[in-house]
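The basis for the numbers below is simple: all heavy atoms, side chains too, and nothing from hydrogens, waters or symmetry mates.
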Amino acid sequence: MKFGFFFPINMKEISITSKFTAFDSVSELPSDIQSLMEQAIEIRKKAYAPYSRFRVGAALLLDNGKIVLGSNQENAAYPSGLCAERVAIFSAGALYPEAKIVRMAITATSDTNPTLTPIPPCGACRQSISEYEIKQELPIQIYFMGESGSVYKSDSLKNLLPLMFDKKLL
């Protein structure tokens, strides 16, 4: 018996690229984004992270001018906790269901290791952000950083999750 690999003749390779704007520090951000990131940094300090010791803060700017904050909330019964991004997004959805999320600032730090590179949202948070971006039909600008240092900006969640799963696929 002979084993081999079959490669379809019509097989194509596709390439998907992502583009980010990189800032060397929070001080390089426009003043309104600096303020949003500073609020994310402050709420990050209130994270409940006794297990991972990894603290995340998120600040959302809504189109009605309101700012909604979230920090990660852990639970001994993993995975019952929630990430900061989802805490903020779900709070915004509950408190301001008609508002659109315009911008999001995210910052993360570890009690045990320095976090000096930008830390993007996890996969579950990307999926949750995509739900709101699709629902509102408006891109969400996402700024993210570690404890300090560089800040990356994504113009849309589609940039972070280019092959998005949404209700149209159901």
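Environment of NZ in K135: crowded, with over 12 heavy atoms of neighbouring residues, nucleotides or ligands closer than 6.0 Å. Summarising the local packing, CZ of F54 is surrounded by more than 12 heavy atoms from other residues, nucleotides or ligands at distances under 6.0 Å. Annotation: E147, atom CD; neighbour count of heavy atoms from other residues, nucleotides and ligands within 6.0 Å is above 12.
Here the CD atom belonging to Q39 is positioned 12.5 Å from the CD atom belonging to Q34, to the nearest 0.5 angstrom. Rounding to the nearest 0.5 Å gives a distance of 4.5 Å between CZ of R103 and CD of Q141. Between atom CG of residue L157 and atom SG of residue C125 there is a gap of 10.0 Å, rounded to the nearest 0.5 Å. Here the straight-line distance linking atom OG1 of T109 with atom CZ of R44 works out to 5.0 Å at 0.5 Å rounding. Within the model, atoms CG of L36 and CD1 of I67 stand 5.5 Å from one another, a figure rounded to the nearest 0.5 Å. The line from CD of E98 to CG of D63 is 10.0 Å long, rounded to the nearest 0.5 Å.
Nearest heavy atoms, T107 versus M37: CB-SD, 4.1 Å. Here the closest heavy-atom approach between residue E42 and residue K45 is recorded as OE2-NZ, 2.9 Å. Minimum interatomic distance between L62 and V102 (heavy atoms only, all atoms of both residues): C-CG2, 3.9 Å. In this structure, I101 and L60 approach most closely via the heavy-atom pair CD1-CD1, 4.1 Å. Taking all atoms of both residues into account, the shortest heavy-atom contact from G70 to A84 is O-CB, 3.5 Å. The minimum heavy-atom distance linking A108 with V56 is given by the pair CB-CG2, 3.9 Å.
Residues passing the side chain to side chain donor-acceptor pair (under 3.5 Å) test with S110, sequence neighbours excluded: T112. Legend: residues meeting side-chain contact (heavy atoms from CB on, under 4.5 Å) with I43, ordered by chain and number and at least two apart, are K46, L69, S71. With sequence neighbours left out, the side-chain contact (heavy atoms from CB on, under 4.5 Å) criterion links T21 to F23, K153. In this structure, the side-chain contact (heavy atoms from CB on, under 4.5 Å) partners of S80, at least two apart in sequence or on a different chain, are N75, A77. Under the rule for a side-chain contact (heavy atoms from CB on, under 4.5 Å), the partners of S128 that lie at least two apart in sequence or sit in another chain are R86, F90.
Side-chain contact check for F20 versus S150: every heavy-atom pair is 4.5 Å or farther apart. Side-chain contact between S148 and L116 is present, with heavy atoms from C-beta onward closer than 4.5 Å. Counting only heavy atoms from C-beta outward, the side chains of E74 and P50 approach each other to under 4.5 Å.
A continuous path of ILVMFWY side-chain contacts below 4.5 Å connects I89 to F144, so both sit in one hydrophobic cluster. Cluster membership for Y96 and M104, using ILVMFWY side-chain heavy atoms within less than 4.5 angstrom, is shared. Note on L95 and Y132: same hydrophobic cluster, where clusters join Ile, Leu, Val, Met, Phe, Trp and Tyr whose side-chain heavy atoms are under 4.5 Å apart, directly or indirectly. Clustering ILVMFWY residues whenever any of their side-chain heavy atoms sit less than 4.5 angstrom apart, transitively, puts I41 in the very cluster that holds V151. Note on V87 and I129: same hydrophobic cluster, where clusters join Ile, Leu, Val, Met, Phe, Trp and Tyr whose side-chain heavy atoms are under 4.5 Å apart, directly or indirectly.
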The test is side chain to side chain contact (heavy atoms under 4.5 Å, CB included); show your working for M145 and I106 and say whether it passes.
CA-CA 6 Å; M145 64 180 288; I106 305 162; over 6 Å; no
From CA spacing to verdict: side chain to side chain contact (heavy atoms under 4.5 Å, CB included), L29, Y143
CA-CA 10 Å; L29 296 169; Y143 293 80; 3.9 Å; yes
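Salt-bridge check for R53 with D111: passed, with a basic side-chain N closer than 4.0 Å to an acidic carboxylate O.
At a cut-off of 3.5 Å, with distance as the only test, a side-chain donor of E133 or S156 sits close to an acceptor on the other residue.
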List the atom pairs, with distances to 0.1 Å, where a side-chain N or O of residues 159-167 and a protein N or O form a donor-acceptor pair under 3.5 Å, not counting sequence neighbours.
| from | atom 1 | to | atom 2 | distance (Å) |
| --- | --- | --- | --- | --- |
| N159 | OD1 | K19 | N | 2.9 |
| N159 | ND2 | K19 | O | 2.6 |
| N159 | ND2 | S154 | OG | 3.1 |
| D166 | OD1 | K168 | N | 2.7 |

